[in-house]
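This report concerns only the one structure given below.
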Number of protein chains: 2
Amino acid sequence: MGPTVTSRVLRLLEVFAPDRPRLTLSQLSRRAGLPLTTTHRLVGELAAWGALERDDEGRYRIGLRLWEVAALAPRGLGLREHAMPYLEDLYEATRQNVQLAVLDGTEALYLERLSARGAVGVISRVGGRLPLHATGVGLALLAYAEPEVQERVLAGPLPRFTPYTVTNPRDLRRKLAEVRRAGVAISDRLLELTALSVAAPVFGAAEEPVAALSIVVPAGEPPGPYIPAVRAAARGVSRALGSPRARAWPPSALRNLGTPAP
Amino acid sequence: MGPTVTSRVLRLLEVFAPDRPRLTLSQLSRRAGLPLTTTHRLVGELAAWGALERDDEGRYRIGLRLWEVAALAPRGLGLREHAMPYLEDLYEATRQNVQLAVLDGTEALYLERLSARGAVGVISRVGGRLPLHATGVGLALLAYAEPEVQERVLAGPLPRFTPYTVTNPRDLRRKLAEVRRAGVAISDRLLELTALSVAAPVFGAAEEPVAALSIVVPAGEPPGPYIPAVRAAARGVSRALGSPRARAWPPSALRNLGTPAP
DNA sequence: GTGACTCTTCCGCTCAGCGGAAGCCATGAT
DNA sequence: ATCATGGCTTCCGCTGAGCGGAAGAGTCAC
């Protein structure tokens with residue numbers, strides 16, 4: 001974090017957060033810890049390019065040009081693009097919440113969320129993060145993550161959200177083993193007392209876990225009926241990504257009889 | 001732009017494009033017009049922060065951290081968030097393509113697209129741009145855009161995509177007046193011979209046009225039945241954004257549902 | 001008015017950034 | 001085995017881009 005220009009520019013971008021998406025020059029200056037003059041110059045250049053925009057009141061916000069470039073992130077919208085049809089199917093079939101998330105660091109980063117108007121409320125947000133140990137997608141991601149990541153999560157603090165949150169490393173380890181055995185993760189009120197989620201991992205072309213998808217339903221509903229649908233959707237996305245694991249594990253051997261193999 | 005560090009950093013980001021989302025260091029260097037050494041240093045810093053990532057082969061791609069920050073763009077995902085439920089409704093009712101776009105410069109920037117698997121193919125892409133004069137959302141945006149933007153588009157070249165594309169400024173002016181009168185824009189094979197789209201503008205809290213949404217159906221289908229649905233969805237989003245225009249019911253004069261001849 | 005706040009422009013000092021050079025490590029051809 | 005090519009990385013001394021204090025303009029509230 002030297003005093004390089006690049007780091008300052010990035011620090012200015014960092015300052016924006018979900019709860020403060022619009023900032024004045026002075027706010028930017030203070031929050032980024034940069035002199036006002038310096039901020040003024042850098043922000044001016046960012047705005048000229050389109051990384052930032054000014055609204056009517058003169059406040060700055062993240063610009064569309066930056067959004068456009070960021071839309072090229074393969075692990076962001078790229079993944080989403082492949083997953084969307086399957087998410088839609090899941091959504092249509094259940095009319096609940098459907099989510100897609102990837103592992104970033106030791107958190108789940110949410111790429112997509114489809115929510116019916118009447119569905120149970122969830123606190124996830126597209127572009128937002130939630131902890132791995134207390135969410136369906138988080139457990140699915142963690143169960144198949146590299147050991148190094150697993151250990152970091154198991155070692156770190158496991159904050160409690162509800163009486164059902166798994167906060168004990170040993171319990172969490174057992175839970176992860178269970179996820180690997182079943183191929184799906186069930187988060188029954190681990191994060192919120194009102195919600196239950198069923199999640200499954202998505203694998204990429206190199207058989208690597210790349211994402212997880214889930215559906216969130218009101219707590220109390222039996223998760224059983226949702227499991228095949230979630231699993232099928234995850235397998236569908238994996239196949240779309242070229243995963244050999246998905247090819248070798250056909251959804252229904254009988255149905256494949258009619259279609260010629262590739 | 002001057003030889004400032006900021007401009008160089010931005011130029012490096014600019015280099016990424018839909019058809020080349022992964023680039024080697026040398027490619028970045030060449031395409032950005034920067035010395036290899038300079039590129040190496042800057043890219044290193046960007047990657048350390050997470051604006052860029054390196055894949056297994058050492059190539060660089062847009063990073064999730066940048067995507068995460070860009071997700072805070074009020075005119076990007078912010079708008080999308082409000083619009084999504086209405087887009088879903090439209091999608092569900094029609095099982096076709098549903099799109100959301102905003103005006104950026106003199107082009108339409110697509111924020112969202114929901115596509116049924118069997119729906120007619122469309123060339124739009126989330127994060128992509130298309131010209132205003134040849135798309136449904138484009139016409140809807142242009143019809144309500146500031147005069148200055150309209151003039152720039154009318155003056156500029158109006159490339160032809162199909163025999164039906166409006167390439168004459170006078171015809172385009174008439175078409176825009178028609179859109180304002182009807183409250184919806186119909187693009188019958190203006191961009192592709194296979195597709196027809198019905199679009200309507202979305203207004204913000206200050207009665208300003210902020211976006212447009214559309215549905216795309218196979219060419220040949222009568223657009224009439226879709227018009228009320230598209231208009232209702234657009235009004236729904238406008239209301240969600242706090243538009244006073246949407247709260248008051250539309251003037252009865254706008255009941256002219258006559259479909260324009262191709 | 002006065003004070004507190006914002007944003008913007010100016011300008012001379014200095015250190016961050018620059019980029020040539022050199023070297024490393026792969027491929028692939030001879 | 002030798003050379004060539006094309007990638008990537010590290011090193012280091014020169015220099016001008018960036019820095020930020022100072023001054024001033026504009027805006028709101030009391």
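Every chain is numbered from 1, with letters handed out A, B, ... down the list of sequences.
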*Relative to the 5' end of DNA chain C, which residue comes earlier, A:Thr6 or A:Gly58, by the nucleotide with the nearest heavy atom?*
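Its nucleotide being nearer the 5' end, the pick is A:Gly58.
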
Rounded to whole angstrom units, what separation is found between the [atom1] atom of [X] and the [atom2] atom of [N]?
X       : N      : atom1 : atom2 : result
A:Asp55 : C:dT6  : CG    : C1'   : 15 Å
A:Arg8  : C:dA16 : CZ    : C1'   : 9 Å
B:His40 : C:dG17 : NE2   : P     : 15 Å
A:Glu57 : C:dC5  : CD    : C1'   : 17 Å
B:Arg11 : C:dC18 : CZ    : P     : 11 Å
A:Arg59 : C:dC5  : CZ    : P     : 19 Å

_Among residues at least two apart in sequence or on other chains, which ones pass salt bridge (Lys or Arg N to Asp or Glu O under 4.0 Å) with A:Arg41?_
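In terms of salt bridge (Lys or Arg N to Asp or Glu O under 4.0 Å), with neighbours along the sequence ignored, A:Arg41 is linked to no residue.
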
Set of residues satisfying side chain to side chain donor-acceptor pair (under 3.5 Å) with respect to [X], sequence neighbours excluded:
X        : value
A:Arg54  : A:Tyr60
B:Glu146 : none
B:Ser124 : B:Gln99
A:Arg152 : A:Glu148

For nucleotides 22-29 of chain C, which of its nitrogen or oxygen atoms have a protein nitrogen or oxygen under 3.5 Å away, and what is each distance?
none

Could I get the full list of side-chain contact (heavy atoms from CB on, under 4.5 Å) partners for [X], not counting sequence neighbours?
X        : value
A:Ala211 : A:Leu79, A:Leu100, A:Val102, A:Val202
B:Arg173 : B:Glu151, B:Leu154
A:Pro147 : none
A:Pro18  : A:Arg125, B:Leu72

*Outermost DNA chain D nucleotides near chain B [under 4.0 Å, heavy atoms]*: D:dG7 to D:dG18

*With a 4.0 Å cut-off, would you call B:Arg75 and A:Glu68 a salt bridge?*
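No, no charged N to carboxylate O under 4.0 Å.
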
*Could you tell me whether B:Arg129 and B:Asp104 have a side-chain N and a carboxylate O separated by less than 4.0 Å?*
yes

*Which residues, if any, of residues 27-38 of chain A bring a heavy atom under 4.0 Å of DNA chain D?*
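By residue number: A:Pro35, A:Thr37, A:Thr38.
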
